[in-house]
Structure formats: C-alpha cells, structure tokens
Amino acid sequence: MAIQVYNTLTRKKEEYKPINPHMTGFYVCGPTVYDYFHIGNARPFIVFDVVRRYLIYRGYNVRYVMNLTDVDDKIINRANERGVSSAEISQKYIAAFFEDIQKLGVRPADAYTKATDHITDMITLIERLVENDMAYESGGDVFFNVRNFEDYAKLSGKKLDELQVGSRIAVDERKKSPIDFVLWKAAKPGEPFWESPWGNGRPGWHLECSAMSMKYLGESFDFHAGGLDLIFPHHENEIAQSEGATGKPFVRYWLHNGFLDIKGDKMSKSTGNFFTARDILEKYPATAIRLFFLQKHYRSPIDFSDEVLQSAVTSNERLRLSYQKIVEAAGDVEAISISESDLTEEEKRFYSMLDGVHSEILTAMDDDFNSPLALGKMFDLFRETNRFIDNGLQTAQSRQLVDLARQRIDEYDSVFGVIDRSKAQVGQDKINEVVSTMVELRNAFRKERNFAVADKIRDALADAGLVIEDTPQGAKWRWGA
RNA sequence: GGCGGCGUAGCCAAGUGGUUAAGGCGAAGGUCUGCAAAACCUUUAUUCAUCGGUUCAACUCCGAUCGCCGCCUCCA
C-alpha cells in the first residue's frame, strides 16, 4: 500500500510518488522571527515533523528544509519600537525558536535557511523573472507580473477578476495590475538593505521561500507544507515566482495544516488572541502537547482549551506509566526467536494482535497521515499488553512477546514522540535516598498496621509530587504527572 | 460577493454506501489493595445539525435549510 496524501493543489488524496527515488524533498514554512511563536504556530512544526518522520520510517530518504524569515516588515517594526537593529531582533527570536521546538520534541530540520543569507539567490531569481517578462521594475521596486503567468491562482482556486484587491492593503499605484505583488522593495530610511541591479532594497515576502527551497531541494521537489492561511497569497506567489522563472512544476504535493482556534476564533498575534508555546510548555509536558495535536487530524481545526489539553495530559500519563510497566515486565530478555508452534493460545492471540495493530497503524498513517486513528490503535496495543502482563508472564516466550510489544511501541513513538521518557528514571540523586527512606519507614508502619502514620507519609510525598504504589513486588515510588 | 472547510456520546475525536459507529478524557459499577495508586473488566451514541431526495441499503452520495470557521496580497 502506498502512502496517500491530500494535495491542496488537486484537492484530493493522491498516491505519493517520489520525483527522485533517492531523495524526498520536503520544505516547510518556518517562522518570521519577530516574536516568540505561539502554540498555534507550533502546529505545523509538530505535525509536519511527524509527517517527515513517518516518511523516513517508511524508508524514504527525506531532506527536510525550513526557512527562517529574518527580513520582513514586522521585524523592522519591532526593531524600531525597541530601538534596536533588525538583526538583534531576529537573532533573539531565532534562538528562542530553537529552544522552543527542541522542548516540543520537534526534530531539527536538515537545514534551516535564513533569508538574509540568500539575498543573492533571490536577486538571481528576480533577474530570471525579469528576463522571462514575468517581472518589471518600477521606481526601484520590482513587481511580479501576474497577468503574464497563466497558471496564477491554480493552488487557491481563486478567480482573478473576483479577488477583492485592496480590501486589506492599499493598492500600490505603480503596479501594472492591482494583483501584482512585490519581489523587491526599494530601501527606505532606517531599513536594512542590500545592493541590487534595481538599487538598494530588500526582498519581498514570498521570494525567500522560492529561492531557498529550490536551492536546497531542486527546481521541482516533492512536498511543501505550511498553514492553511499561506495558500493564498504566499504559496500561490511562490508557485508563480518559481515556475515563472524555471518553467518547471515547482512542488508536487502541497500540504496545509488547519488552525488552532481559541473559542472558535483563530489564534492570532495581530489580535492578541494567543498563548506562546513557551508559556504552554511551562504548564504542560511536551508529550501531552504533542498528543493534543496528534489526536486530531492535521488538516482539521482544533479548539484550544485547558480542558482538552488536560485530558491529553491524563492520557499522556497513561502512556508513560504503561510504557514503564511494559519495559519492567519485559526485563532483560534474551534474544530468543519466537516459534509460533511453542506458544500458548493466549500468547498466540497476543502475537497476532501485535501484527494486527501494526498493519492498522501503517494503514492509518498511509492514509494522509491519520495520526488520531493510528494513536487509537496504539492505545489498543497498550491495553492489550497491560492485560497480557496482568495475566502473568509464565514463560520466557511471554516476556519475549512483551519485549516485542515494547520494540513496536518504540518504533511508533519514533514517529509520534508522545511517550514521556524524561521521568522514566527514578531520581538518582539525594532525593532518591530520602524518598527511599520515607518509603521504608512507611512500610514499617504498614507492617505494624499503623495506617494513620503510613498514610501521612504517603500524603506528604504526594504533596511533593511523588506517588507511592503498593504492588505485589513491594512499594514503589514515581513522579506524578 | 468569490473560494474552501466544519457540525458524530458530557467533552475531545476517528470513520464511511451494507459487518458490533474506533480510540482518549470524564462518569458509574467491579477485580486487586488495610485504604489508595496503577492496571484490567463492565456500563456510558438504536444514532451521526435539520429537512427532503437517490438507492435493495446512507452517518457516509445529492439538494435545501440552520449554525460555526478560514482565505480573498506580507497571518502557521
């Protein structure tokens, strides 16, 4: 079964066929670094990283590139507000960006490309467009000549005559057509600028993505992803700039994630209706935040609420504790091969459940990365494995099977990253000794059936975030949620 | 106005022309426990916004209605 992806360009699911069998090119629109990114911005970073991980899991050699847009009106405005340089602003928020995605468990891209490092590539691209009569200079600015690019609006499906041009932004009178967009902006006082054939200036918004994606992934590549709102104009204009210059199809599959809403409204910096990712990370574990996102399909809108996030925290705890239980139950198993004929009936059932879940998870993810369905199957796998363990592991084969389940879970979680392993180890420092002593004391009181004191110890530890569990193997402690 | 999306249990959420409408959270009961915790078991949608239509058969396709949301030139 091949992977099916929903392609915004064709508005249907298509089978994924690599352009180049040796390299899957994947470009994701990254941040404009003028502020901390908010939890809605985090969605594409997380979900497309998962898409990329899944492609890798399925054997594709993915080259994953993300831009850092560090020249832009918003950065300049922010710099002016604070009386610092644009570079200071962008450096600060690039550093913050890396901190935040790292905490969110997003794997690093193969390349992060900064717009300011690629000015000459952008100028070259504009020159090609001018040569092709796809762009024209006017008063130090260079505009894309939309009327000369036949395929314009093929991604967004808009009709040029019906675009309500100027509804939000005043139309520049130097444009040949109001729908033309700027490729190069002449320098204004107090703004960063670079030299160009059209005088000093700076690149327009969409240009860096065209220039950098083609530079690192080739003039035609497989995937380009970003938020729904980027379809128009950003990605539309990228197509125009790229194909207008090369005459080749730019991107095969366009992927767009749905929005994160707050009480039904889009989370947006311009309205002040947002929470930064770093604030949310203060309150919730990253694996719970990931689960929150991945339990909904990436193209659907999500309503952000503490209630739903809290339920993700609870399910995340369930995964975390069950995983630990599975690891402990498997113990240090010897690598013996499982021969099906030696298995008990129950073991056979478990073994075939493992294979059933495996194919269900692959089928789910193959179908346009249906992570909610796949995670549902993973919860099934946990429940079945817990039950299998609870029924008692009599044979070496049984423990071997549990270990196989553990391996499978590790595989799946290499894609999803929803199991919190940060608390897997009980503390190794002084706290460990203190807590162990407390637990021993409590055991002593329990033996004397002095439950009042024993419970008081347990309550005190609970206040410190520690959970005591009395198991058949004795009392254990762990960190709570 | 143009284009696009959505409406499934208390909440979140998969699904889709015909098997019991996944899974998670919550709630209730049970096993285990001194009590808990964790885990497991059972229960929790005769029904998929509403109304029509197509069909042997629709939650799934078509139409209408209501409600919600996004984009329409620098927002993920």
Side-chain angles (χ1 to χ4, degrees), chain A residues 8 11 28-32 37-38 40-45 47-48 69 72-74 146 153 156-159 161-169 171-172 178-182 204-206 225-234 236-237 256-261 264-271 291-292 295-297 299-303 305 307-319 321-322 324-325 360 364 370-380 382-383 385-391 446 449-451 454-455 458-459 462 467-472 476 478 480:
Chain A
T8 307
R11 297 184 193 284
V28 181
C29 283
T32 299
F37 67 84
H38 62 64
N41 299 130
R43 190 173 187 188
F45 304 150
V47 298
F48 294 125
T69 295
D72 169 88
D73 287 356
K74 291 191 291 290
V146 169
S156 57
K158 295 191 182 301
K159 298 182 184 71
D161 299 334
E162 283 162 1
L163 285 176
Q164 290 190 4
V165 173
S167 64
R168 280 174 49 196
I169 307 291
V171 175
D172 190 319
I179 54 177
D180 290 350
F181 57 92
V182 67
W205 176 33
H206 323 290
L228 205 63
D229 55 339
L230 296 181
I231 294 171
F232 191 89
H234 184 60
E236 196 68 72
N237 290 355
H256 292 97
N257 64 277
F259 275 118
L260 183 74
D261 301 331
D265 282 329
K266 172 179 165 179
M267 187 177 281
S268 166
K269 282 186 193 158
S270 54
T271 56
L291 198 57
F292 168 77
Q295 279 189 304
K296 182 128 186 178
H297 188 86
R299 285 193 282 113
S300 306
I302 301 187
D303 230 13
S305 72
E307 189 192 357
V308 177
L309 214 29
Q310 197 51 54
S311 90
V313 169
T314 312
S315 4
N316 188 236
E317 270 300 279
R318 175 181 163 79
L319 295 178
L321 297 177
S322 294
Q324 278 182 241
K325 175 173 168 173
E360 284 175 328
N370 192 336
S371 59
L373 183 58
L375 286 169
K377 301 303 175 189
M378 200 158 94
F379 276 100
D380 287 340
F382 272 98
R383 191 184 56 249
T385 308
N386 277 327
R387 185 193 350 220
F388 188 68
I389 293 169
D390 285 355
N391 287 345
R446 289 183 68 220
R449 303 193 68 77
N450 188 345
F451 296 120
D455 288 353
R458 182 170 61 189
D459 291 345
V467 179
I468 300 282
E469 294 184 345
D470 298 314
T471 74
K476 292 182 179 177
R478 62 176 170 84

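Here is the naming used below: chain letters follow the sequence lines, and residue numbers restart at 1 for every chain. Keep in mind that the numbers below use all heavy atoms, side chains included, and drop hydrogens, waters and symmetry copies.
R299(A) has its CZ atom 8 Å from the P atom of C6(B), to the nearest Å. The separation between I231(A) atom CD1 and C3(B) atom C1' is 10 Å, rounded to whole Å. E317(A) has its CD atom 16 Å from the P atom of G24(B), to the nearest Å. Straight-line distance from the CD atom of E236(A) to the P atom of C74(B): 15 Å, rounded to whole Å. Taking atom CD1 on I179(A) and atom C1' on C71(B), their separation rounds to 16 Å, with Å as the unit. Rounded to a whole Å, the CG atom of L260(A) is 18 Å from the P atom of C75(B). As a whole-Å value, the separation of F232(A) CZ from G5(B) P is 18 Å. One atom, CD1 of I468(A), and another, C1' of A36(B), lie 11 Å apart when rounded to the nearest Å.
U50(B) is paired with A64(B) under the Watson-Crick or G-U wobble criterion, all donor-acceptor distances under 3.5 Å. C71(B) and G2(B) make up a base pair, with Watson-Crick or G-U wobble contacts both under 3.5 Å. With a cut-off of 3.5 Å on both Watson-Crick or G-U wobble distances, the partner of C59(B) is given as none. Summarising the base pairing, G34(B) is matched to no nucleotide, lacking a Watson-Crick or G-U wobble pair whose two defining distances lie under 3.5 Å. Searching all strands for a Watson-Crick or G-U wobble partner of G26(B) with both distances below 3.5 Å returns U44(B). With a cut-off of 3.5 Å on both Watson-Crick or G-U wobble distances, the partner of U20(B) is given as none.
Interatomic distance, I302(A) CD1 to F259(A) CZ, rounded to the nearest 0.5 Å: 12.5 Å. Rounded to the nearest 0.5 Å, atoms CZ (R478(A)) and CD1 (I468(A)) are 10.0 Å apart. Going from atom CZ of F451(A) over to atom CZ of R458(A) covers 10.0 Å, rounded to the nearest 0.5 Å.
Using a 4.0 Å heavy-atom cutoff across all strands shown, E469(A) reaches at least one base atom of the nucleic acid. As judged by a 4.0 angstrom heavy-atom cut-off over every strand, H297(A) is placed among residues touching the sugar-phosphate backbone only. Residue contacts shown for V28(A) are absent, as no nucleic acid heavy atom lies under 4.0 Å away. M378(A) comes within 4.0 angstrom of nothing in the nucleic acid, heavy atoms only. Among the protein residues, G40(A) comes within range of the nucleic acid bases, having at least one heavy atom under 4.0 Å from a base atom.
Using P as the reference atom, A22(B) and A27(B) are 22 Å apart when rounded to the nearest Å. Comparing the C1' positions of A38(B) and U31(B) gives an interatomic distance of 13 Å, to the nearest angstrom. Here the separation of A28(B) from C69(B), taken at their C1' atoms, is 36 Å to the nearest Å. Distance check on atom P: G7(B) versus G15(B) gives 10 Å, rounded to whole Å. A13(B) sits 15 Å from C25(B) when the P atoms are compared, rounded to a whole Å. C56(B) and G63(B) have their C1' atoms separated by 22 Å, with the value rounded to a whole Å. Comparing A57(B) with G18(B), their C1' atoms sit 6 Å apart, to the nearest whole Å.
Taking every heavy atom of both residues into account, V146(A) and D180(A) meet most closely at N-OD1, 2.8 Å. Taking every heavy atom of both residues into account, Q295(A) and S315(A) meet most closely at OE1-OG, 4.4 Å. For H234(A) against W205(A), the heavy-atom pair with the smallest separation is CB-CH2, 3.3 Å. Considering every non-hydrogen atom in both R43(A) and L260(A), the closest pair reads NH1-N, 4.3 Å. Shortest non-hydrogen contact noted between G480(A) and V467(A) is CA-CG2, 3.7 Å. Between S322(A) and N386(A), the shortest heavy-atom contact is OG-ND2, 3.1 Å.
For E317(A), the side-chain hydrogen bond (donor to acceptor under 3.5 Å, both in side chains) partners two or more places apart in sequence, or in a different chain, are R320(A). Checked against ring-ring contact (aromatic ring centres under 6.0 Å, His included), F388(A) has the following partners two or more places apart in sequence or in another chain: F350(A). Not counting sequence neighbours, N370(A) has no partner by the side-chain hydrogen bond (donor to acceptor under 3.5 Å, both in side chains) test.
Closest contact between the side chain of R11(A) and the listed nucleotides G4(B), G24(B), A13(B) involves G4(B). When the nucleotides G70(B), U73(B), A22(B) are ranked by their closest atom to the side chain of F259(A), G70(B) comes out on top. Candidate nucleotides A76(B), G70(B), A13(B) were compared by shortest atom distance to the side chain of L230(A), and A76(B) ranks first. Considering only side-chain atoms of D261(A), the nucleotide from C69(B), C72(B), A13(B) that sits closest is C69(B). Comparing G70(B), G23(B), C25(B) by their nearest atom to the side chain of D380(A) picks out G23(B). Closest to the side chain of L321(A), from the set C25(B), C71(B), A38(B), is A38(B). Closest to the R478(A) side chain, of the nucleotides A37(B), A76(B), C72(B), is A37(B).
Comparing V467(A) and L375(A) by the nucleotide of RNA chain B whose heavy atom lies nearest to each, the residue mapping closer to the 5' end is L375(A). Toward the 5′ end of RNA chain B lies the nearest nucleotide of D180(A), the other residue of the pair A42(A) and D180(A) mapping further downstream.
Salt-bridge formation is detected for the pair D390(A)/K325(A): a Lys NZ or Arg NE/NH1/NH2 atom is positioned less than 4.0 Å from an Asp or Glu carboxylate oxygen.
Tested against L291(A) for a side-chain contact (heavy atoms from CB on, under 4.5 Å), the candidates L309(A), L319(A), V313(A) yield a single pass: L319(A).
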Identify each atom pair where a protein N or O and an N or O of nucleotides 40-43 of chain B are less than 3.5 Å apart, giving names and distance.
| from | atom 1 | to | atom 2 | distance (Å) |
| --- | --- | --- | --- | --- |
| C40(B) | OP1 | N386(A) | ND2 | 3.3 |
| C40(B) | OP2 | R318(A) | NH1 | 3.1 |
| C40(B) | O4' | D390(A) | OD2 | 3.2 |
| C41(B) | OP1 | R387(A) | NH1 | 3.3 |

Return the polar atom pairs (N/O with N/O) between nucleotides 9-11 of chain B and the protein under 3.5 Å, or none.
none

All N/O pairs under 3.5 Å across the protein-nucleotides 32-34 of chain B interface:
| from | atom 1 | to | atom 2 | distance (Å) |
| --- | --- | --- | --- | --- |
| G34(B) | N7 | R446(A) | NH2 | 3.2 |
| G34(B) | O6 | R442(A) | NH2 | 3.3 |
| G34(B) | O6 | R446(A) | NE | 3.1 |
| G34(B) | N1 | D455(A) | OD1 | 3.0 |
| G34(B) | N2 | D455(A) | OD2 | 2.7 |

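For K74(A) and C75(B), a side-chain-to-base donor-acceptor distance below 3.5 Å is absent, hydrogens and geometry of angles not being considered.
You'll find the side chain of F382(A) reaches within 4.5 Å of the side chain of M378(A), heavy atoms only.
In this model, the phosphate group of G15(B) is approached by a side-chain N or O of N370(A) to a distance below 4.0 Å at OP1 or OP2.
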